[in-house]
Protein chains: 4
Amino acid sequence: MGVYERQQREKKILEAAIQLFGEKGLHVSTMADVARKTRISKGLIYFYYKSKEDLYLALTKKGMDELKELFNKSFGKPKEKTGLEIMTTLVEGYLSFAREKAVFHDALLDFLSVLDSYQVQREKVSPLILESPYFTKLLQSHHDLAKLGIKAISMGIQDGSIRPDLHAESAFYTLWSMMIGYTKVTGSVSLEPGDIKINAESWKNGFLKLFFEILKGSNTPFKSQPVQGKLF
Amino acid sequence: MGVYERQQREKKILEAAIQLFGEKGLHVSTMADVARKTRISKGLIYFYYKSKEDLYLALTKKGMDELKELFNKSFGKPKEKTGLEIMTTLVEGYLSFAREKAVFHDALLDFLSVLDSYQVQREKVSPLILESPYFTKLLQSHHDLAKLGIKAISMGIQDGSIRPDLHAESAFYTLWSMMIGYTKVTGSVSLEPGDIKINAESWKNGFLKLFFEILKGSNTPFKSQPVQGKLF
Amino acid sequence: MGVYERQQREKKILEAAIQLFGEKGLHVSTMADVARKTRISKGLIYFYYKSKEDLYLALTKKGMDELKELFNKSFGKPKEKTGLEIMTTLVEGYLSFAREKAVFHDALLDFLSVLDSYQVQREKVSPLILESPYFTKLLQSHHDLAKLGIKAISMGIQDGSIRPDLHAESAFYTLWSMMIGYTKVTGSVSLEPGDIKINAESWKNGFLKLFFEILKGSNTPFKSQPVQGKLF
Amino acid sequence: MGVYERQQREKKILEAAIQLFGEKGLHVSTMADVARKTRISKGLIYFYYKSKEDLYLALTKKGMDELKELFNKSFGKPKEKTGLEIMTTLVEGYLSFAREKAVFHDALLDFLSVLDSYQVQREKVSPLILESPYFTKLLQSHHDLAKLGIKAISMGIQDGSIRPDLHAESAFYTLWSMMIGYTKVTGSVSLEPGDIKINAESWKNGFLKLFFEILKGSNTPFKSQPVQGKLF
DNA sequence: AATGAATGAGTCTTCATTCAT
DNA sequence: TATGAATGAAGACTCATTCAT
């Protein structure tokens, strides 16, 4: 009954949800599954999370925080890395994250969709989402994330590793878009029959080449490609 | 009883589904809704579409075809446009499509997810999807779409409007990724509070600038920006 | 449109039903299945058979007739066989029939159930059954069947091959009961674990022994067992 | 919430099913009927019974157990009865059971059919049946039942009331077959028109005569017929 | 005579959520 | 605080039968 135990339980539920939603998918998993997996009664689960959406948002929040942590770590120690190096670490990390923690990345994208509806017409968003305490927190985390990415690019511009004519904010969102799109498209690329000359690996290389070209400008066309070489 | 009437009904059902799924979302809409909206009996709906998934794939196919049509039209009359101009029309069209016909675009992305599962482990894809006649058709349409995009870039490389060092296939997928990502991210950009200096418009401009930079190379840094100017 | 063609079609439908109901079961098979299999439209099927029950009763009738035919054939040429020999052929035939044409035998038992309800409370029998022209015909065929069996026993009593103190009618029904029960029970006998000393073969032998003992009396306890030996 | 209440509800549902399935038949009755009759929500019915098949197997189990109980009671106190007397009580009981509790007897026969399929090809049996916890229990109960019947005959052989040359196992199954067949055939006997000299009563007598003849041997042809006299 | 599109009541089943204990 | 039994609306889908053409 102590605060600690309560937090432990909350965490346990969340972790079960992460596993379950990750393996079977959100719609296929049920609250009963979560209860069974945690050995915690359904009633108590509803004490900690007000609805299934609330639980899902909690999961989203955790994913967002892990991503933020990953962004943070990409900076390394102060002055250790150039902005471009930070960005390199960051893409690498992001793409791994999207692949290995697909539940989180999917949840994040779902949240972006919610944000879209929210902005267009607040009423279209389910009350269960709006009422969740995680919704506001998520709004903040999402913002923090963007700020970190923008900061990395700004640093690169400052230290000369990234071309100076870039608008950091737009550039960050563009690069983020690219990465999101990459995760969406990558599965279908390998299915292309022979008449399209591409395969998973060549496409990834091509993608990264263009990604970094945006950061560096194409007149520095990868003479030495340490960045690309390091990736993955 | 004529073939014509049959096609009319089939179309009517599909159109109701497009509206319904578009407004309320796939999961929230029911086959009963579709029946009610069309004033067609549930049984008959199942006569035309073997399952809800089948209907959704039909919708996806229609979306894919509209997109293909849009791609095709972007080429204009033979020799009328440069590859770069074609690409300009194409992004413009794609982004409008994604915004105005969001159901279709969402369905397309869902299909890409299916393709991902399909490639990793065929069994993970629901039989209802695999058994739908639209599945194979969709495979083809998706392929056609990619070929068209690649063709446009190849043409640009040929006619000198697009930089020659581009690998057309990778470039197309990268640019497509960007556009997909753009549609996912764009809704949340406008929600950013003041401390991030960006708004919907500036971000779109930034995005397009980088998009075309990839095609043209950054050493032609938008002196005259006719392309960008035309957009939207 | 000739009478002949009509009969052909009727037969074709019936045969499809026999196959279908036999393979998948009555409840699992649909009228649409029948239509598909025969390449005859549903509407026309309903022209020949007024309802699914009607079709099933037609099937039942055909089974009953085949059984009657089998009974008839068991008699052989006039004076060729003793009553006991006839009965021997008859059991043999009946058990093969029940095994190899299980649809027919099941249908026959279903009909006996209907008769049961009919006798207890006429209203409990579905109108679809009562209205079928096959119902009355079935009543007659069923009666014919019984008469044939009784006749065989009577002949045996006359010719001395069957014990004289038997009441032919009761004996026939009893022996028929035995055979019906045999077909119901036989599948589960082989599943008995080792602590019940029986297997499919020993039980069949035991069954037949007692079956014929009823006909011959136990004081002729199978010294020579030609009858038993011949079976199957 | 107590265990007792739970069992009460479970029982209530089962009893409603027994009535419903008995009156209208399994296929005609619906789970909604059961819910309505018990005033228990559909969801809760599915909480107690995982599927309609599960509920039907539960019913079958109850029937099997009642029959087992009946078999057990037939033995009376130790050494009180001869094997033959036990068998007498047993047939009497069985036939009453089959008549008065027809749902149970029908369910039992359905189970025998399942066993048949199970033995021929396990896959042909619906997963809903195989997954029911009652399936295994039923396998055991069915076995117990057979053992009891065999035991009664063995006892009779020991105490001299039943002829010694009988193979108890085969004899039991044969006699069981007879009884099953009797229940199937009996309804149609009374419908026979006058030209077949039989009626319900005479046929029952004839049946029982032969039944006991199998047990006693025909050279003891019912001089004193206390056994027969007692029946019904 | 022949078709097969059309009906719609009915089937089993699921699951987020609540609440008496 | 904790349970898990209870709810009931909703879901996808089926199929015997009819009838306009």
Side-chain angles (χ1 to χ4, degrees), chain A residues 1-2 5-6 9 27-36 39-56 128, chain B residues 1-3 5-6 9-10 27-36 38-55 128, chain C residues 1-2 5-6 9 27-36 39-56 128, chain D residues 1-3 5-6 9-10 27-36 38-55 128:
Chain A
M1 102 219 189
E5 278 89 343
R6 240 177 303 190
R9 217 148 17 188
H27 289 296
V28 183
S29 310
T30 69
M31 292 304 264
D33 287 338
V34 176
R36 210 172 303 124
R39 318 275 240 115
I40 290 174
S41 74
K42 264 189 284 184
L44 198 48
I45 292 193
Y46 272 88
F47 173 77
Y48 288 106
Y49 298 98
K50 295 316 164 215
S51 67
K52 199 186 181 186
E53 331 287 312
D54 187 36
L55 178 53
Y56 189 56
L128 291 176
Chain B
M1 111 232 182
V3 171
E5 279 90 342
R6 227 175 315 180
R9 276 210 191 274
E10 204 169 327
H27 289 296
V28 183
S29 309
T30 74
M31 292 304 263
D33 286 339
V34 176
R36 209 171 305 124
T38 50
R39 312 276 244 117
I40 288 175
S41 71
K42 251 191 287 185
L44 195 52
I45 303 233
Y46 274 92
F47 177 78
Y48 286 110
Y49 299 98
K50 294 318 164 213
S51 66
K52 198 186 182 186
E53 337 285 314
D54 189 36
L55 178 53
L128 292 177
Chain C
M1 97 221 186
E5 280 89 343
R6 240 178 302 191
R9 216 148 19 187
H27 290 296
V28 183
S29 309
T30 69
M31 292 303 264
D33 287 337
V34 177
R36 209 171 303 126
R39 314 275 241 116
I40 290 173
S41 74
K42 264 188 285 184
L44 198 49
I45 292 194
Y46 273 89
F47 174 76
Y48 288 106
Y49 298 98
K50 295 314 165 216
S51 67
K52 198 185 182 185
E53 333 286 312
D54 187 36
L55 178 52
Y56 190 55
L128 292 176
Chain D
M1 112 230 182
V3 172
E5 278 91 343
R6 229 174 315 180
R9 275 210 192 273
E10 204 169 328
H27 289 296
V28 184
S29 310
T30 72
M31 293 302 264
D33 287 338
V34 176
R36 209 171 305 124
T38 49
R39 312 276 243 118
I40 287 175
S41 71
K42 255 191 281 186
L44 196 52
I45 303 231
Y46 275 91
F47 177 77
Y48 286 110
Y49 298 98
K50 292 318 163 212
S51 67
K52 199 186 183 186
E53 337 286 313
D54 188 36
L55 178 53
L128 291 177

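Here is the naming used below: chain letters follow the sequence lines, and residue numbers restart at 1 for every chain.
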Nucleotide by nucleotide, 5' to 3', does protein get under 4.0 Å of the base (B), only the sugar-phosphate (S), or neither (-) in nucleotides 13-19 of chain F, counting heavy atoms? BBBSBB-

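C:Tyr48 has its OH atom 8 Å from the C1' atom of E:dA1, to the nearest Å. D:Glu10 has its CD atom 13 Å from the C1' atom of F:dA5, to the nearest Å. Atom CG in D:Asp54 sits about 14 Å away from atom P in E:dC12, given to the nearest Å. Note: CD1 (A:Ile45) to C1' (F:dG4) measures 12 Å, nearest angstrom. The distance from atom CD of D:Glu5 to atom C1' of F:dA6 is 14 Å, rounded to the nearest whole Å. For the pair C:Arg6 CZ and E:dA1 P, the computed distance is 6 Å after rounding to whole Å.
Between B:Arg39 and D:Asp33, the residue anchored nearer the 5' end of DNA chain E, judged by the nucleotide with its closest heavy atom, is B:Arg39. If D:Ile40 and A:Phe47 are placed on DNA chain F by their nearest nucleotide, the residue sitting closer to the 5' end is A:Phe47.
For A:Tyr56, the side chain to side chain donor-acceptor pair (under 3.5 Å) test picks out A:Asp110, with sequence neighbours left out.
Taking both residues in full, the closest heavy atoms of B:Val28 and B:Asp33 are given as O-OD2, 4.1 Å, listed atom of the first, atom of the second, then distance. Between A:Met31 and A:Lys42, the shortest heavy-atom distance links the atoms O-CG, 4.3 Å. Of all heavy-atom pairs between B:Ser41 and B:Ala35, the closest is C-CB, 4.4 Å. B:Val34 and B:Thr38 make their closest contact through O-OG1, 2.7 Å (heavy atoms, listed as atom of the first residue, atom of the second, distance).
Note that CZ of C:Arg9 and CD1 of C:Ile40 are 6.0 Å apart. Values are rounded to the nearest 0.5 Å. Distance check: B:Glu53 CD to B:Leu128 CG gives 5.0 Å after rounding to the nearest 0.5 Å.
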For DNA chain E, what dot-bracket results from Watson-Crick or G-U pairs at under 3.5 Å, with [ ] for crossers and | for inter-strand partners? .||||||||||||||||||||

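At the heavy-atom level, C:Tyr49 lies nowhere under 4.0 Å from the strands shown.
For A:Arg9 and F:dA2, the shortest distance from a side-chain N or O to OP1 or OP2 is below 4.0 Å. OP1 and OP2 of F:dG4 both lie 4.0 Å or more from every side-chain N or O belonging to A:Arg36.
Side-chain atoms of D:Tyr49 come within 3.5 Å of backbone atoms of D:Glu10 as a donor-acceptor pair (strictly under, hydrogens ignored).
Note that B:Lys50 lies outside the cation-pi zone of B:Tyr48, set by a 6.0 Å cut-off to the ring centre and a 45° limit from the axis.
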